[in-house]
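Note: hydrogens, waters and symmetry copies are ignored here, and every other heavy atom, side chains too, is used. Sequential numbering from 1 along the given sequence is applied to the chain's residues.
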Amino acid sequence: MSPQKRSSKDLSGPESDDFVECHPWKSNSRCSNDTVATIRLEELYPGTAAWDVCGTLSPACERFFVYESCFYECEPNTALYRRHLGDNPDNEWEMYQMPISADFAEAFYFTCHADSVCGGTEGKNIFWCDDSSTQCGLVSDIYEDAEEMINKMFGEAFVYETAEDQAYTMWFYESENPNDAITECLFDPIEDQYQPPGGEELTEEVESELSGSTPQGICAVSILSILGFYVLRNL
């Protein structure tokens, strides 16, 4: 997704029991329940094409688009991958090249390969569809494989990453967010003075967002998350 702007809380924190659509982030979410109660793109971002503009998606495929939307809206670690840090207030929440688990991407592609999306646009970004009659096609026809899909479907927001201990997942089943450990593995956002993709300095807001959020310990991928998506791929 490459939205014009994003509605979110000033800082991440817990949500109430009615936070159900994006429930993995209930204990520490960047979004509020008001933002994601109905996780429909055309409602979150007026003027942006809906993911089902080419027809109703299969329920399993639609869930993956919900996963992506919840991740984009609610995941605190996305603060490290903002493309603009204060220099473009109309697009301050656009993300850039966040590494996404190849296992997740493969499960996404496998589940949606026979569904139709509006990806026949320049760059194959499905959210800038302006003529679905000529731009609709099967996921497997538009994208050669899972890597091309995750690299292009959402603009430049994400990049396919095969090193699972260096890649984020868009959904998880554990009580603790496994993406925190990935951030810990890749860098200490404060001590290592990580520079965002655009080269801007890390803002106080981002530092506050991330400081203390990543658990101490070895860098390891959550086996439960990976197994969960292997199950989905083989349903």
Side-chain angles (χ1 to χ4, degrees), residues 1-3 20-25 36 38-45 48-75 78 81 94-95 97-162 164 167-173 178-179 221-222 224-235:
M1 179 188 316
S2 297
V20 294
E21 184 66 275
C22 300
H23 60 84
W25 289 273
V36 297
T38 302
I39 193 84
R40 294 289 302 176
L41 294 176
E42 65 272 28
E43 296 177 15
L44 287 172
Y45 306 106
T48 300
W51 56 56
D52 55 2
V53 68
C54 295
T56 302
L57 297 173
S58 64
C61 179
E62 185 171 53
R63 286 307 302 168
F64 273 88
F65 282 96
V66 171
Y67 296 161
E68 186 275 335
S69 295
C70 286
F71 176 79
Y72 200 105
E73 297 298 324
C74 304
E75 173 58 59
T78 60
Y81 295 89
E94 183 181 358
M95 287 170 55
Q97 294 189 344
M98 188 171 192
I100 300 300
S101 160
D103 283 315
F104 180 90
E106 293 291 344
F108 195 159
Y109 186 81
F110 176 87
T111 303
C112 294
H113 74 278
D115 286 86
S116 292
V117 297
C118 191
T121 59
E122 183 178 358
K124 301 186 179 182
N125 182 340
I126 68 169
F127 298 116
W128 302 121
C129 173
D130 53 23
D131 184 0
S132 61
S133 64
T134 61
Q135 295 170 347
C136 287
L138 298 180
V139 167
S140 58
D141 290 337
I142 295 171
Y143 306 102
E144 182 178 356
D145 52 25
E147 182 172 3
E148 184 181 34
M149 184 194 73
I150 211 70
N151 288 351
K152 294 183 177 181
M153 179 179 274
F154 308 102
E156 296 181 299
F158 308 120
V159 62
Y160 181 95
E161 177 56 65
T162 57
E164 293 294 329
Y168 298 90
T169 183
M170 293 184 177
W171 198 257
F172 54 92
Y173 301 97
N179 291 323
V221 173
S222 167
L224 289 177
S225 287
I226 295 173
L227 287 177
F229 288 110
Y230 276 130
V231 171
L232 284 173
R233 289 177 64 183
N234 290 282
L235 288 177

Side-chain heavy atoms of Tyr81 within contact of Tyr168, under 4.5 Å: yes
From Asn179 atom CG to Phe71 atom CZ, the distance as rounded to the nearest 0.5 Å: 5.5 Å
Out of Trp171, Phe64, Tyr67, which one pairs with Phe108 under the ring pair (Phe, Tyr, Trp, His ring centres under 6.0 Å) rule? Phe64
If you look at every heavy atom in Cys74 and Cys22, which pair is closest and at what distance? SG-CB, 3.9 Å
Sub-2.5 Å SG contact, Cys112 and Cys61: yes
Closest approach of Pro178 to Thr169 (non-hydrogen atoms, all atoms of both residues): CG-CG2, 4.0 Å
Under the side-chain contact (heavy atoms from CB on, under 4.5 Å) rule, collect the residues that match up with Lys152, sequence neighbours excluded. Lys124, Tyr143, Glu148
If you compare all heavy atoms of Gly119 against all heavy atoms of Ile126, which two are closest, and at what distance to 0.1 Å? CA-CG2, 3.9 Å
Could you give the distance from CG (Leu57) to CZ (Arg63), rounded to the nearest 0.5 Å? 12.5 Å
List for me each residue that meets side-chain contact (heavy atoms from CB on, under 4.5 Å) alongside Asp141, sequence neighbours excluded, and say none if there are none. Leu138
Reported CD-to-CD distance for the pair Glu68 and Glu73, which is rounded to 0.5 angstrom: 8.5 Å
Working note: Val117 + Phe65, criterion side-chain contact (heavy atoms from CB on, under 4.5 Å); need CA distance, chi angles, decisive distance, verdict. CA-CA 11 Å; Val117 297; Phe65 282 96; 4.1 Å; yes
Rounded distance (nearest 0.5 Å) linking atom NE2 of His113 with atom CD1 of Ile142: 13.5 Å
Could you grab the distance from atom SG of Cys70 to atom CD of Glu75, nearest 0.5 Å is fine? 11.5 Å
Give me the atom names and distance for the closest heavy-atom approach of Ala105 to Met149. O-CE, 3.9 Å
Of all the heavy-atom pairs spanning Tyr160 and Glu147, show the shortest one and how long it is. CD1-CA, 3.4 Å
For Cys54 against Ser116, the heavy-atom pair lying closest together: CB-O, 3.8 Å
Between atom OH of Tyr72 and atom CD of Glu94, what is the distance when rounded to the nearest 0.5 Å? 6.0 Å
